[in-house]
Amino acid sequence: MSELTLARDADGNLANKADWNEEAALMLAKEEGIELLNERRWVVINFMRKVFEEKGDAPSIRRLTKESGINTKELYELFPGGPAKKAAKIAGLPKPKGCI
Amino acid sequence: MKKLLILGGGTAGTMMLNKLNGVLDANDWQITIVDQFETHYYQPGFLFIPFGIYSKKDVVKPKRDYFPTGTNVVMSEIDKIEPNENRVLLKNNQVLTYDVLIIATGSKISPDEIEGLKDELWFKNIFDFYTIEGACALAGFFKNWQGGKLVLNIAEMPIKCPVAPLEFVFLADWYFTERGIRDKVEIHFVTPLPGAFTKPKASSILGDFLDKKNIKLTSEFSIAKVDNENKKIISWDEKEVPFDVLVSIPPNMGDEAIARSGMGDEFNFIPTNKHTLQSDNYKNIFIIGDATNLPSSKAGSVAHFEADILFENILSYINGEPLRASFDGHANCFIESGFGKGILIDFNYDTEPLPGKFPLPGVGPFSLLEETKMNHYGKVMFRWMYWNQLLTGKELPIESNMSMAGKRG
């Protein structure tokens with residue numbers, strides 16, 4: 001698989017959720033400067049996917065902190081720069097609508 | 001006798017009351033409105049108070065002046081809504097039942113959500129301008145300030161009136177220029193967004209305005225805490241921005257009563273159908289204005305456009321018809337940019353703010369995403385329209401749904 005084979009939306013996130021798998025997740029993570037998907041990162045990624053499944057939108061940071069079991073400080077360590085945005089991308093989801 | 005209950009007598013609730021009163025047959029329907037405060041604040045005016053353009057008296061009127069005669073008004077804090085029982089419990093121990101409920105409980109700042117924000121420097125060197133108290137305290141501070149680092153920080157999105165922080169720094173540039181100390185004031189705009197605004201095209205154009213006005217932009221800064229001792233804000237990833245005066249836009253949250261009712265999301269905003277404004281969970285509950293979780297701006301203009309749609313849908317609901325009116329996310333914002341000029345943006349869910357012309361019968365056209373004197377007059381005129389036309393539920397000469405006329409794609 002290469003980056004070219006996966007269709008992207010305007011934000012660079014996967015255009016088709018069906019294209020996502022663990023291998024794709026790792027590739028997307030590398031684009032965001034994250035070389036390794038450890039257990040804690042998977043907790044966040046799986047939570048993002050679960051919420052998206054239920055609500056049709058990826059969760060905000062506030063919701064991640066409240067419900068994923070991982071606090072804000074650690075979220076920023078796991079996904080430097082923008083946890084909600086980066087984790088959504090790695091989880092194969094569109095950018096969270098959260099901010100207007 | 002059926003009962004229509006409106007929770008919240010702010011902009012959205014008052015508009016709905018005025019639209020429905022006189023249209024619903026008084027023999028069939030009793031309308032009740034609940035609020036805990038007697039004073040209506042013209043919130044768009046708060047922005048001008050720190051710079052001495054408006055004072056408190058310019059932005060307040062009694063709420064009751066805008067309620068039609070004969071309205072059943074209940075002044076109490078809301079304890080909680082029991083949507084399965086079709087009733088609302090009030091803090092004054094009254095219980096109100098309803099056939100149709102409109103929730104217009106708005107949003108407000110929650111400075112307690114950020115560590116160290118509401119601490120020893122609160123209202124000494126740290127201010128908000130989203131409350132009358134904050135705006136007035138900041139006016140007092142600015143009057144005698146001799147310069148230094150002025151930092152404006154947006155804590156977290158979404159916020160009410162997402163353009164207000166930009167207007168604030170534009171006006172600060174003008175105000176300190178007029179005072180002759182602009183060279184002693186460093187203005188710094190610190191935001192969690194990737195740029196000056198939420199939508200790409202406007203963000204780039206408004207970012208250029210920041211540049212032109214010598215206002216420093218720091219993007220993607222998510223505040224974790226305020227260090228009161230060393231006067232700096234610190235982000236979750238440990239970036240630091242020092243300040244002499246911090247103007248904070250704290251997290252905006254829906255009313256606590258929504259949380260107590262178990263009806264809100266993580267911000268206490270209520271899951272709402274973005275087109276019909278009906279509750280996602282209860283067919284006889286409708287939500288309008290800042291209280292919704294809609295992916296639209298939280299602003300008076302949005303509440304106004306929503307009110308036109310909700311009015312139609314409430315009537316359809318009452319008549320047992322399908323909800324046909326559909327809200328498109330329309331927002332229309334005059335951005336005050338200082339030196340007697342303003343910028344206008346007009347957008348909806350699907351179309352981001354674009355440059356071009358905004359036609360307005362009898363008055364316009366206004367220029368979109370350009371700085372003009374005409375746009376400033378639009379903003380000035382709006383306060384009159386707000387008190388005399390908008391709140392009273394009268395038609396304004398702007399369509400509820402956005403038009404592409406004049407816009408350049």
Side-chain angles (χ1 to χ4, degrees), chain A residues 8-13 15 28-29 31-35 40-41 43-44 47-90 93-100, chain B residues 110 113-115 154-163 191-195 197-203 219-225 234-239 251-253 259 264-269 271 274 280 290 292-299 302 329 331 333 347-349 352-353:
Chain A
R8 304 298 180 96
D9 65 15
D11 301 310
N13 294 26
L28 292 162
E31 286 177 25
E32 293 299 319
I34 293 167
E35 291 300 318
R40 298 296 277 173
R41 290 195 173 109
V43 170
V44 179
F47 179 80
M48 301 287 288
R49 290 182 63 83
K50 182 172 141 266
V51 171
F52 190 89
E53 213 46 56
E54 290 165 9
K55 306 269 171 183
D57 190 14
S60 64
I61 288 269
R62 180 169 286 270
R63 175 131 192 219
L64 276 172
T65 302
K66 213 170 144 188
E67 293 174 24
S68 72
I70 294 177
N71 67 35
T72 316
K73 180 91 194 148
E74 188 180 351
L75 284 169
Y76 274 90
E77 284 161 12
L78 295 172
F79 301 96
K85 204 168 67 179
K86 285 193 177 177
K89 180 172 179 182
I90 296 166
L93 307 171
K95 195 168 98 177
K97 291 196 220 74
C99 52
I100 314 304
Chain B
S110 300
E113 295 282 323
I114 304 292
E115 186 186 334
I154 301 170
E156 190 177 351
M157 297 301 286
I159 57 169
K160 292 198 245 218
C161 191
V163 296
T191 170
L193 294 169
F197 192 56
T198 51
K199 315 263 177 166
K201 215 162 255 167
S203 182
S219 56
E220 298 190 319
F221 183 101
S222 294
I223 188 171
K225 60 183 169 195
I234 301 167
S235 71
W236 288 106
D237 48 6
E238 281 163 13
K239 288 179 283 190
N252 281 211
M253 312 266 296
D265 64 10
E266 66 273 29
F267 294 97
N268 303 341
F269 295 133
K274 70 179 205 178
D280 280 348
D290 294 355
T292 73
N293 75 335
L294 299 194
S296 56
S297 291
K298 295 192 181 297
V302 176
C333 313
F347 57 104
N348 68 11
Y349 290 140
E352 63 165 315

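Lettering follows sequence order; numbering is per chain, from 1.
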request  = Flag yes if more than 12 heavy atoms outside B:Lys225 fall under 6.0 Å of its NZ atom; otherwise flag no.
outcome  = no
key: Contact class of A:Lys55 relative to chain B, heavy atoms under 4.5 angstrom   = neither
ask   = Between A:Arg62 and B:Glu266, which heavy-atom pair has the shortest distance, and what is it?
value = CD-O, 3.5 Å
message = Quick check on A:Lys66 against chain B: is it the side chain, the backbone, both or neither that has a heavy atom closer than 4.5 Å?
response = side chain
inquiry  = I want to check something: taking the side chain as every heavy atom from C-beta on, are A:Ser60 and B:Phe267 in contact at a cut-off of under 4.5 Å?
reply    = yes
request  = Find out whether A:Lys73 and B:Glu238 are in side-chain contact, i.e. whether some heavy atom of one side chain is under 4.5 Å from a heavy atom of the other.
outcome  = yes
ask   = With only heavy atoms counted, which part of B:Pro251 is less than 4.5 Å from chain A, the side chain, the backbone, both or neither?
value = side chain
query = Is it the case that more than 12 heavy atoms not belonging to A:Glu54 sit under 6.0 Å from its CD atom?
reply = yes
